[in-house]
Undergrad: 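Structure in structure tokens, see below.
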Amino acid sequence: MTATALPTMPGTLNHPDPIERVRRLGTAAALLAMPCIFLFAFVTHPGLGSIRMLEPADLILRARGNPVLQFAHALVTLNTALLVVVALHLRSLLRVGRGAWAGLVGGAMAVLGACLLAADKGALCLTMSALDAVDDATFAAMMPGLTAIFDKQGWVVLVWGMVLLPLGVAVQAIGLIRARQWPAWQGAALLAGSLLIAAPDGMEIINATAALALLVALAPQAVRLARGRSTTTAGSAASRCRSCRHRLAATTVRQTS
């Protein structure tokens, strides 16, 4: 019997898939843009150098008539889409091996937290830009209602779920370190950045530092993606091999029992 070779489409052997290339470049852009947007948003806050706790009334008055800050909040709202891309990419690095559960659970937490962060920015930040159209007397009369919103009364309390975002990325960072998918310093930078970026309002200098740590952690991965290099390290490959051996041994035991 002779084998018949299938015809090869022109360009399939020498040219990479353009859709895959766009996916890689888009993911690389998201890895770089996400921390940069956070960094810009935090440094635009007034009183950046001071560390203090802000009350709801302070947050309301800080946003009043501040178009630069409101633009930064709008960017963060859009940035939640990039956060989902980053969380899913980190999960893809941890499909198997020691960090598989961390990738899955952390990714789910981060995606849900990103959705609630978008709700937080929509409810508490974007609405403030609309209120710049009202006069001071009307705005002063609205303060009790605005305070209730910023104090997260009623169903607005759900936006506290946005803390799942940094916690989820922290879980993924631990998975990357455990699986040795990234160098230890890179995973540590991701872990520190994800936790510190959850600092409350009034501590934007800490948030900005955390955004820099995220940029340091994610930039090498973005470069590897943009250049089309493999993201599998020798350590992660060994971790995956050990996992495969354990699964194979477990399967053999079940078949022989």
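These numbers were taken from a predicted model, which means no experiment stands behind them. The first residue in the sequence is number 1, and the count goes up from there.
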Undergrad: Identify the heavy atoms of Pro166 and Ala198 that sit nearest to each other, and give their distance.
TA: CG-CB, 3.8 Å
Undergrad: Heavy atoms only: give me the nearest Trp185-Pro220 pair and the separation to one decimal.
TA: CH2-CG, 3.9 Å
Undergrad: Looking only at heavy atoms, what is the nearest atom pair of Ala72 and Ala41, with distance?
TA: CB-CA, 3.7 Å
Undergrad: Within this structure, what is the CG-CG distance for the pair Leu59 and Leu124, rounded to the nearest 0.5 Å?
TA: 8.5 Å
Undergrad: Are any of the side-chain heavy atoms of Trp182 and Leu90 separated by less than 4.5 Å?
TA: yes
Undergrad: Are the side chains of Phe139 and Leu61 in touch, meaning some heavy atoms are under 4.5 Å apart?
TA: yes
Undergrad: Enter the distance from Met162:CE to Lys121:NZ here, rounded to the nearest 0.5 Å.
TA: 6.5 Å
Undergrad: Do Ile206 and Leu214 belong to the same hydrophobic cluster, where Ile, Leu, Val, Met, Phe, Trp and Tyr are linked whenever their side-chain heavy atoms lie under 4.5 Å apart, directly or via other members?
TA: no
Undergrad: Rounded to the nearest 0.5 Å, what separation is found between the CG atom of Leu218 and the OG1 atom of Thr27?
TA: 12.0 Å
Undergrad: Check whether more than 12 heavy atoms from other residues, nucleotides or ligands sit under 6.0 Å from atom CZ of Arg52, and answer yes or no.
TA: yes
Undergrad: How far does CE of Met143 sit from CD1 of Ile60, to the nearest 0.5 angstrom?
TA: 4.5 Å
Undergrad: Test your reading of the model: is there a side-chain donor-acceptor pair from Arg178 to the backbone of Ala102, 3.5 Å cut-off?
TA: no
Undergrad: Does Glu204 reach the main-chain N or O of Gly202 with its side chain, forming a donor-acceptor pair under 3.5 Å?
TA: yes
Undergrad: In terms of hydrophobic clusters joined by side-chain contacts under 4.5 Å, are Trp101 and Leu191 together?
TA: yes
Undergrad: Report the C-alpha separation of Leu225 and Gln221 in whole Å, then their side-chain angles, then the decisive distance to 0.1 Å, and conclude whether the side chain to side chain contact (heavy atoms under 4.5 Å, CB included) test is met.
TA: CA-CA 6 Å; Leu225 278 175; Gln221 180 66 16; 4.2 Å; yes
Undergrad: Measure the spacing between CG of Leu131 and CD of Gln70 and express it to the nearest 0.5 Å.
TA: 9.0 Å
Undergrad: Could you tell me which non-hydrogen atom of Ala210 sits nearest to which non-hydrogen atom of Gly193, and how far apart they are?
TA: CB-O, 3.4 Å
Undergrad: Any side-chain heavy atom of Leu165 sitting closer than 4.5 Å to one from Met109?
TA: no
Undergrad: Assess the residue pair Asp201 and Arg62 against the criterion (side chain to side chain contact (heavy atoms under 4.5 Å, CB included)); give the C-alpha distance rounded to whole Å, side-chain angles, the decisive distance to 0.1 Å, and a yes or no.
TA: CA-CA 11 Å; Asp201 291 305; Arg62 183 172 69 170; 3.9 Å; yes
Undergrad: Sub-3.5 Å donor-acceptor pair from the side chain of Asp151 to the main-chain atoms of Gln153, do we have one?
TA: no
Undergrad: So, for Ala114 and Val84, which heavy atoms are closest and what is the spacing to 0.1 Å?
TA: CB-CG2, 4.0 Å
Undergrad: In Å and rounded to the nearest 0.5 Å, what is the CE to CG distance from Met34 to Leu83?
TA: 5.0 Å
Undergrad: Are Val85 and Leu31 in one and the same hydrophobic cluster, where Ile, Leu, Val, Met, Phe, Trp and Tyr link if side-chain heavy atoms are under 4.5 Å apart?
TA: no
Undergrad: Find out if a path of hydrophobic residues (ILVMFWY) with successive side-chain heavy-atom gaps under 4.5 Å connects Leu93 to Leu104.
TA: yes
Undergrad: Do any N or O atoms from the side chain of Arg24 and from the backbone of Arg21 form a donor-acceptor pair under 3.5 angstrom?
TA: no
Undergrad: Which pair of non-hydrogen atoms, one from Leu32 and one from Leu215, has the smallest distance, and what is that distance?
TA: O-CD1, 4.0 Å
Undergrad: Do Gln172 and His89 touch side chain to side chain, with heavy atoms closer than 4.5 Å?
TA: no
Undergrad: If we ignore hydrogens and angles and just use 3.5 Å, is the side chain of Ser129 paired with the main-chain N or O of Cys125 as donor and acceptor?
TA: no
Undergrad: Sub-3.5 Å donor-acceptor pair from the side chain of Gln181 to the main-chain atoms of Leu94, do we have one?
TA: no
Undergrad: Is there a continuous path of hydrophobic side-chain contacts, each under 4.5 Å between heavy atoms, that joins Leu212 to Val216?
TA: no
